[in-house]
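These numbers come from a predicted model, not from an experiment. Here is how names work: the chains are called A, B, and so on, in the same order as the sequence lines, proteins then strands, and each is numbered from 1.
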Amino acid sequence: MRKTEGFGAALLAWYDTHARVLPWRAQPGENRRADPYHVLLSEVMLQQTTVAVVEKRFPQFLDQFPDLKTLAEAPEADVMAAWAGLGYYRRARSLHACAKALMAQHGGVFPQDEKALKALPGIGDYTSAAISAIAFGEPAVVVDGNIERVVTRVARVTDEMPGAKKLIKGEAAKLMPDARFGDYAQAMMDLGARVCRPKAPDCLLCPVRSYCAVAGSAEAESLPRKAHKRKRKTVQGVMIVLRREDGAVLCEERPADGLFGGMLGLPGGGWDGRAVPEVAATLRDAGGVTHILTHRRLEIDVKTGPTDGSPGDGVWMQPDEARAAMPTLFVKALERALS
DNA sequence: AAGCCGTGGTC
DNA sequence: TGACCAAGGCT
């Protein structure tokens, strides 16, 4: 039987001297735990989003919404606008709903157990465990993409993802120390990010290589095993930039569900299941914009022209204000039309 | 349970 | 270029 005793202690010792310094984190030895609201916000922001991006956006968001109550009471449009450019915009809507639920159902006090946390909007298996461990020191089994990778290698889990998830969670539980559960979870993630990387893992300086089933072997890089992804489809459409005499641009709020749901966007269609507005045919061709999503490739023709017409169900906004509140795709289309 | 949902970086 | 990846959740 592989020895797991001592794994946690070895990793924590490494973390004590190698922890990344991050704005939402209580550093090891700081003798405090991170603020639950900060942990919630950072964890949601970090879902499928790189640390580099979150390091920049977390302080800005926190500045605008300094505490749970402020976030809960903020207009939804403000929250969505603050999320612009971060992607996966349902996260913003869920985060807002989560803050409201915490105020309404928990008196503004975070529950500490995973189960109660997971019942909140936008909080799933990973995030509930992470908040429970990091903000409250609970012995939750935290498994994210980094930890998945570390565990499949340490325990040599060769089953294909995502089927192996249950097995991985079991193995992850075996590796846990008997204290410092929050530090441990973050240590695992730091290890996965910096040492036990997807490509070219740095086994030579890994603090837990003596516990690892595949350390130093070529097999390490092959784990976890993942099925190949299917090719994305190309979708074509049109975006319309109508300009008023004062320079304002016609914008519109997108439907709550679907691509860029609830965000500020531009009129148009053909790429999102909606018909191309007839005005498009009367406007100047401003060029094209290509935008790559995880499972789709959008090829957009940008049309522009002056108008004194009524706003319809849209809203006139100055370009600077619009840019700040719109997903990147729309910003690109706007740039194309205005430059 | 497999597909949907953004964006930017790397190789 | 294209494939893969990054502290996932929801349906």
Query raised in the report: Is the phosphate of dG8(C), meaning OP1 or OP2, less than 4.0 Å from a side-chain N or O of Q48(A)?
Result: yes
Requested in this report: Would you mind classifying the nucleic acid contact of R57(A) as base, sugar-phosphate or nothing, using non-hydrogen atoms under 4.0 angstrom?
Outcome: nothing
Query raised in the report: So which nucleotide from dG6(B), dA7(C), dG8(B) ends up closest to the side chain of M189(A)?
Result: dA7(C)
Requested in this report: Using atom CG of L86(A) as one end and atom P of dA7(C) as the other, report the distance to the nearest whole Å.
Outcome: 16 Å
Query raised in the report: Is the shortest side-chain N/O distance from H228(A) to OP1 or OP2 of dA3(C) below 4.0 Å?
Result: no
Query - Ion pair check, R254(A) and D272(A), cut-off under 4.0 Å - result: yes
Query raised in the report: With the threshold set at 4.0 Å, does a side-chain nitrogen-carboxylate oxygen contact exist between D16(A) and R180(A)?
Result: yes
Report task. Would you mind classifying the nucleic acid contact of L298(A) as base, sugar-phosphate or nothing, using non-hydrogen atoms under 4.0 angstrom? Result -> nothing
Query raised in the report: If you look at every strand shown and take non-hydrogen atoms under 4.0 Å, does L259(A) touch a base, only sugar-phosphate, or nothing?
Result: sugar-phosphate
Report task. Verify the contact: side-chain N or O of Y89(A) to OP1 or OP2 of dT7(B), cut-off strictly under 4.0 Å; return yes or no. Result -> yes
Requested in this report: Assign G85(A) to base, sugar-phosphate, or nothing according to its heavy-atom contacts below 4.0 angstrom with the strands shown.
Outcome: sugar-phosphate
Query raised in the report: When the nearest nucleotide of DNA chain C is assigned to W24(A) and to G122(A) on a heavy-atom basis, which residue is associated with the more 5' position?
Result: W24(A)
Query raised in the report: With a 4.0 Å cut-off on heavy atoms, is S94(A) in touch with a base, just the backbone sugar-phosphate, or nothing at all?
Result: nothing
Query raised in the report: V142(A) near the nucleic acid: base, sugar-phosphate alone, or nothing, with a heavy-atom cut-off under 4.0 Å?
Result: nothing
Report summary line: R296(A) CZ to dG3(B) P, in whole Å, measures 13 Å
Report task. Please evaluate the base of dA7(C) for a donor-acceptor partner in the side chain of R20(A) within a cut-off of under 3.5 Å? Result -> yes
Query raised in the report: Taking N and O atoms by type only, does the side chain of R90(A) place a donor or acceptor under 3.5 Å from a partner on the base of dG9(C)?
Result: yes
Query raised in the report: Between S222(A) and E219(A), is any pair of side-chain heavy atoms under 4.5 Å apart?
Result: yes
Query raised in the report: So does T49(A) get a side-chain nitrogen or oxygen closer than 4.0 Å to the phosphate oxygens (OP1/OP2) of dA6(C)?
Result: no
**Report entry** Salt-bridge criterion met for K118(A) and D125(A) (N-O under 4.0 Å)
**Finding:** yes
Report task. Could you check which of dT7(B), dA3(C), dA7(C) has an atom nearest any side-chain atom of D144(A)? Result -> dA7(C)
Requested in this report: Give a yes/no answer on whether the side chain of R149(A) brings an N or O atom under 4.0 Å of OP1 or OP2 in dA6(C).
Outcome: yes
Query raised in the report: Between H291(A) and dG6(B), does any side-chain N or O lie under 4.0 Å from OP1 or OP2?
Result: no
Query raised in the report: Between R297(A) and E299(A), is the closest basic N to carboxylate O distance under 4.0 Å?
Result: yes
Query - N/O donor-acceptor pair, side chain T294(A) with base dG6(B), under 3.5 angstrom - result: yes
